[in-house]
Amino acid sequence: MREHVVRCEACKHTLRTPESRAAGIGPECAARLGLAPRKPLRITGVPRGWNCEGQIDLLEEEG
C-alpha cells in the first residue's frame with residue numbers, strides 16, 4: 001500500500017481520503033484517466049440454488 005503518498009501523482013493536489021492515498025491518485029484524476037472503480041457486476045437470470053455442471057460446493061469435504 002502507498003498510504004504515505006499525500007499528493008496526487010497526476011495533479012499534485014493533497015489527497016484527503018485513505019482510499020485516495022492508497023491509490024496515489026485522487027478520484028477526479030482517476031475518473032479522467034479511466035481508473036475509477038467500476039460498478040460491481042450483477043448476474044441476473046439464474047435462479048438461486050440452480051446447480052450447474054462442474055459446480056463445486058466449497059463447504060463440502062473431499063473424500
Side-chain angles (χ1 to χ4, degrees):
M1 296 243 280
R2 302 172 54 177
E3 293 181 10
H4 64 281
V5 177
V6 293
R7 298 215 174 258
C8 176
E9 296 290 330
C11 68
K12 306 301 182 207
H13 279 97
T14 302
L15 298 173
R16 294 186 179 106
T17 65
E19 294 84 11
S20 295
R21 287 183 179 160
I25 191 167
E28 292 175 9
C29 290
R32 265 189 251 129
L33 295 171
L35 303 173
R38 298 173 186 241
K39 291 182 180 179
L41 178 65
R42 183 172 177 216
I43 300 173
T44 59
V46 179
R48 287 187 174 196
W50 196 31
N51 292 326
C52 299
E53 185 177 332
Q55 181 180 9
I56 61 170
D57 185 358
L58 297 176
L59 300 177
E60 188 175 300
E61 291 184 24
E62 289 186 42

Exercise for the section: To the nearest 0.5 angstrom, please state how far the SG atom of Cys8 sits from the CD atom of Glu28. Expected result: 9.5 Å

Handout entry: Closest approach of Ser20 to Gly26 (non-hydrogen atoms, all atoms of both residues)
Key = OG-CA, 4.2 Å

Exercise for the section: Could you tell me which non-hydrogen atom of Ile25 sits nearest to which non-hydrogen atom of Ala10, and how far apart they are? Expected result: CD1-CB, 4.2 Å

Practice task
Could you tell me whether the side chain of Arg7 reaches within less than 4.5 Å of the side chain of Thr14, counting heavy atoms only?
Solution key: yes

